[in-house]
There are 2 protein chains.
Amino acid sequence: MARPVEFDEQKVLTNAMEQFWREGYEASSVQKLLDCTGINRGTLYNSFGDKDTFFKSCVDQYNKLMDQQITATLKNSNLNPWDAIGAYVEETLVNVSNKHRSMGCLLVNSVCESINYDKEMKKVVRASLGSIRKAVLGRMKEAQKKGGLRKGLSAEFATELLINSLQGARVNARDGKTGNQLKDLVKFTIESLKK
Amino acid sequence: MARPVEFDEQKVLTNAMEQFWREGYEASSVQKLLDCTGINRGTLYNSFGDKDTFFKSCVDQYNKLMDQQITATLKNSNLNPWDAIGAYVEETLVNVSNKHRSMGCLLVNSVCESINYDKEMKKVVRASLGSIRKAVLGRMKEAQKKGGLRKGLSAEFATELLINSLQGARVNARDGKTGNQLKDLVKFTIESLKK
DNA sequence: GGCCAAATTGAATATAAATTCAACTAATGG
DNA sequence: CCATTAGTTGAATTTATATTCAATTTGGCC
């Protein structure tokens, strides 16, 4: 029937995602996206739409990456709440390539660059932040039920505290801190939440 | 002798600083900088150099703002270390206009957007982060000397923990959190550092 | 084998970006 | 009151940028 696609959609999305992640939306020109993906100008527009649409697809790709990490750690029912949270920190800050770590977090970066994003774009950016929050909150509630949360602390506030620490770490990651330095920072926060 | 300058340098720098702060370096076109400062194209290049140079001057302007806050709080010798740190948090997260709070921190935003900045640009961006760190560290050492720092905690590590929390708060500020919500997050971190 | 549907290509277009510059303007001192 | 010095102006230039499109290619199906 029709001519088959030549590019590998996953590879294209992953490479473009890394470009946006490293340099942000504004500094990632279409030319740079073509260079890093290896696809042609027209192919990009034909298969992925304009730059805005493509960016949203790349954020979706990032969300999948995050979801994999969340599923393997926070949502791992073999782990107790604190171990799951610890595993998530280990996974996202330490067991990650230097390349990825030094780029921080695409979502955090986007929030810091975002003002001109349209409604839908902001929605996509916040979706993943929301799913991390939700997964953490579930574990915090569980920890609380088991009596493992410091007294006077709500599961909701504990969640915000952890996420604040994680987001700070993602900024510090871009500023050159090592995986272990970042882990130590967040682990201290976690200890302060435990009973 | 010569024709006197018509623009107010401080106002120009402040308005341009806010433009870069809100939208970042890449999204702030020279046209936008002309619009928000009210000066003419040629005047900008004549008096402030090219966009890179102008941006550096705006970061310097931001550094002055930060230094004022640091001087009034962290370096206020009438306050004990923890009160000085608390006052700094109050000053930067609560006693600040909604406009400024919602933009987060120019330096944090720049770190998250920075990859293309040249050496000198990164140097300027990091200068202020360094001066906050230094001022906090001074107070942490003082707190430690007075026996106010939690045992087993070095002044250096406590400083990194506080700054991590503050940087997380600056990201959350851009995500819409209120001054009090941000303060609560950072204050909890501070409490976890005290004896 | 020839035809069709869809993918690929890169040149062409349109718009916006950063920067330069020559003409113009304003205040001051001789 | 003119010459001088420096500031102001916006049009002109150059370079990027995003996007479109008509021509071309490809592989399967009748």
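Here is how names work: the chains are called A, B, and so on, in the same order as the sequence lines, proteins then strands, and each is numbered from 1.
Both tests hold for Lys51(B) against Tyr25(B): distance to the six-membered ring centre under 6.0 Å, angle to the ring axis within 45°.
Rounded to an integer number of Å, the gap from Leu34(B) CG to dA17(C) C1' is 12 Å. When rounded to the nearest whole Å, the span between CG of Leu44(A) and P of dT17(D) equals 15 Å. Here dG10(D) presents its C1' atom at 14 Å from CG of Asn46(B), a figure rounded to the nearest Å. If you measure from atom CD of Gln31(B) to atom P of dG10(D), you get 12 Å, rounded to the nearest angstrom. dT17(D) atom C1' lies 14 Å from atom CG of Asp35(A), rounded to whole Å. Taking atom CG of Leu33(B) as the reference point, atom P of dA16(C) lies 17 Å away to the nearest angstrom. Between Lys51(B) atom NZ and dT19(C) atom P the separation is 8 Å, expressed in whole Å. Put simply, CD on Glu26(B) is 18 Å from P on dA16(C), counting in whole angstrom units.
Judged by distance alone, the side chains of Gln10(A) and Gln61(A) do bring a donor and an acceptor atom under 3.5 Å apart. If you check the side chains of Thr43(B) and Asn46(B), you find no donor sitting under 3.5 Å from an acceptor. Between the side chains of Gln69(B) and Thr92(B), no donor-acceptor pair is found at a separation under 3.5 Å.
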Exercise. Give the intermediate values and the outcome of salt bridge (Lys or Arg N to Asp or Glu O under 4.0 Å) for residues Lys194(A) and Glu191(A).
Key: CA-CA 5 Å; Lys194(A) 290 184 184 174; Glu191(A) 290 308 312; 3.1 Å; yes

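The side chain of Ser47(B) approaches dT8(D) more closely than any other nucleotide in the set dT8(D), dT8(C), dA18(C).
Contact between the side-chain N/O atoms of Asn40(A) and the OP1/OP2 oxygens of dG10(C) is found at a separation under 4.0 Å.
Ring-plane geometry between Tyr62(A) and Trp21(A) is classed as perpendicular, the angle between the planes exceeding 60 degrees on a 0 to 90 degree scale with a lower cut at 30.
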Quiz item: Once each nucleotide of nucleotides 20-30 of chain C is scored for protein heavy atoms under 4.0 Å, what B/S/- sequence comes out, 5' to 3'?
Solution: BB---BBBBS-

